[in-house]
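Structure, as structure tokens:
The sequence lines fix the lettering, A, B, ..., with proteins before strands; numbering per chain opens at 1.
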Number of protein chains: 2
Amino acid sequence: MPIELSASQALTLWHDVSLQQVRVGQHDLTLRQISILLHIYLMPPPHTVRGLAETLGVTKPVITRALDTMGELQLVSRSRDDKDRRNVIIKRTLEGALYLEKLGDLIIDQGRKLSI
Amino acid sequence: MPIELSASQALTLWHDVSLQQVRVGQHDLTLRQISILLHIYLMPPPHTVRGLAETLGVTKPVITRALDTMGELQLVSRSRDDKDRRNVIIKRTLEGALYLEKLGDLIIDQGRKLSI
DNA sequence: AAGGATCGTTACGGAAGCGTTTCTTTTTGT
DNA sequence: ACAAAAAGAAACGCTTCCGTAACGATCCTT
């Protein structure tokens, strides 16, 4: 069943969640980094640098750098593809799953508070 | 009436909207800038630098810089408060309203596509 | 086996963001 | 009237991101 949002509700939801994200500011990811992270966790694997670059419409170094950053934060991990050792397979981590779980809860909570 | 979202729906919504934002990438605002913009347009005025800094939990120069950037993009405008000329009042613009209207439509569209 | 294509990374110069500190203008309190 | 306080901006050094271009490593084709 689809979610029916009014314009006001849509923007209020975005506002409230963004504000909370800024206020707690635990990791301070950019919009691109969040997109990458969500894509890795929501879309079926395997995920490669090239594939992510195409999906997001950005250059490959952008993906490499984002993975560097999020790798240090333990939100994702990388390993060579044994089938084709040119490829790098991006994998999920426990830390990343927990981070997104918290984000999901935040969105749900803010959505619950919405009234017309 | 509150919006009831499942965890999967919540993250999918965030994913889809973030992805579209990155892909079109017309303005490339940071999460903080988006928060400020939404706050200005959704919360009752007046809005000051100090007030925004407190709301977001950041320092005042962060707000000043964000307003510089978004001012150049015509998304907001600033003017001195005549009542207390130390204050700067942040105002909405047509361009900013259009930008957020598009964002609202995007969220609504993606929400509509969501299924359990 | 060799040349070319593909994949991810690194290097580079530049742009933009950050927090702290300093400064100017304006208001407030005595 | 004058010192202290407050608001916002500017200056500073630092970090991080950006896109382009160049680079090794690996695969594919012949």
Side-chain angles (χ1 to χ4, degrees), chain A residues 18-19 21-40 45-92, chain B residues 18-19 21-40 45-91 99:
Chain A
S18 298
L19 193 55
Q21 286 278 97
V22 169
R23 288 184 66 87
V24 304
Q26 45 181 343
H27 281 328
D28 203 27
L29 300 182
T30 67
L31 193 61
R32 287 177 170 187
Q33 289 167 344
I34 291 176
S35 290
I36 293 171
L37 193 59
L38 281 165
H39 200 80
I40 293 167
H47 301 290
T48 64
V49 172
R50 172 164 188 74
L52 287 172
E54 272 180 10
T55 301
L56 297 224
V58 297
T59 58
K60 288 190 293 175
V62 168
I63 305 296
T64 295
R65 278 187 297 256
L67 294 178
D68 287 345
T69 302
M70 294 192 291
E72 283 177 18
L73 298 173
Q74 316 247 45
L75 297 176
V76 297
S77 73
R78 278 182 280 196
S79 57
R80 282 282 162 191
D81 180 1
D82 279 333
K83 300 290 183 61
D84 182 342
R85 297 190 53 75
R86 289 174 304 182
N87 287 334
V88 161
I89 304 295
I90 297 112
K91 292 185 177 158
R92 304 164 186 174
Chain B
S18 299
L19 192 55
Q21 285 278 99
V22 169
R23 287 185 67 88
V24 302
Q26 45 179 342
H27 281 328
D28 202 27
L29 301 181
T30 67
L31 193 60
R32 287 178 171 186
Q33 289 168 343
I34 291 176
S35 289
I36 293 171
L37 193 59
L38 281 166
H39 201 79
I40 293 168
H47 301 290
T48 64
V49 173
R50 172 164 188 73
L52 287 171
E54 272 180 9
T55 300
L56 296 223
V58 297
T59 58
K60 288 191 293 176
V62 167
I63 306 296
T64 295
R65 277 187 298 256
L67 294 178
D68 288 345
T69 301
M70 293 192 292
E72 283 178 17
L73 298 173
Q74 316 246 45
L75 297 176
V76 298
S77 73
R78 279 181 280 194
S79 57
R80 282 281 162 192
D81 181 0
D82 279 332
K83 301 290 182 65
D84 182 341
R85 298 190 53 76
R86 289 174 303 182
N87 288 335
V88 161
I89 306 295
I90 296 114
K91 293 187 177 155
Y99 177 82

Within the pair A:N87 and C:dG8, is there a side-chain N or O less than 4.0 Å away from OP1 or OP2? yes
I need the CZ-P distance between B:R65 and D:dA9, as an integer number of Å. 12 Å
When you match B:R32 and A:D84 each to their closest nucleotide on DNA chain C, which lands nearer the 5' end? A:D84
What contact category does A:V62 fall into here, base, sugar-phosphate, or nothing, at under 4.0 angstrom with non-hydrogen atoms? sugar-phosphate
Counting distance only, does the side-chain N/O of A:E54 pair as donor-acceptor with the main-chain N or O of A:G51 below 3.5 Å? no
Nearest to side-chain heavy atoms of B:P61, which nucleotide of D:dA7, C:dT20, C:dG17: C:dT20
Between B:D84 and B:R86, is the closest basic N to carboxylate O distance under 4.0 Å? yes
Tell me which of A:A66 and B:G51 sits closer to the 5' end of DNA chain D, going by the nucleotide each one is nearest to. B:G51
Is B:Q33 touching bases, backbone alone, or none of the nucleic acid, heavy atoms closer than 4.0 Å? sugar-phosphate
Using atom CG of A:L52 as one end and atom P of C:dC7 as the other, report the distance to the nearest whole Å. 13 Å
Closer than 4.0 Å, any side-chain N/O of B:R86 to the OP1 or OP2 of C:dT27? no
Report the distance from atom CD of B:E54 to atom C1' of D:dA6, rounded to the nearest whole Å. 12 Å
Counting only side-chain nitrogens and oxygens, does B:T64 get under 4.0 Å of the OP1 or OP2 atom of D:dA9? yes
Expressed as a whole number of angstroms, how long is the span from A:R85:CZ to C:dA5:C1'? 19 Å
Just by distance, do the side chain of B:R78 and the backbone of B:I90 share a donor-acceptor pair under 3.5 Å? no
Restricting to non-hydrogen atoms, name the atom on A:H39 and the atom on A:H47 that form the minimum distance, rounded to 0.1 Å. O-CE1, 3.7 Å
Has A:R32 got a side-chain atom pairing as donor or acceptor with B:V22's backbone, closer than 3.5 angstrom? no
On the nucleotide D:dC18, are OP1 or OP2 found under 4.0 Å from the side-chain N or O atoms that A:T59 carries? no
Rounded to whole Å, please give me the gap between CG in B:L56 and P in C:dC18. 10 Å
Would you indicate which nucleotide in D:dG8, C:dT9, C:dT20 comes nearest to any side-chain atom of B:T48? D:dG8
Side-chain N or O of A:R80 versus OP1/OP2 of D:dT26: is the shortest distance under 4.0 Å? no
Specify the separation, in whole Å, of atom CG of A:L29 and atom P of D:dC17. 10 Å
note: A:D82, atom CG; C:dG8, atom P; distance rounded to Å ~ 14 Å
For B:K83 and D:dA6, give me the distance from atom NZ to atom C1', rounded to whole Å. 19 Å
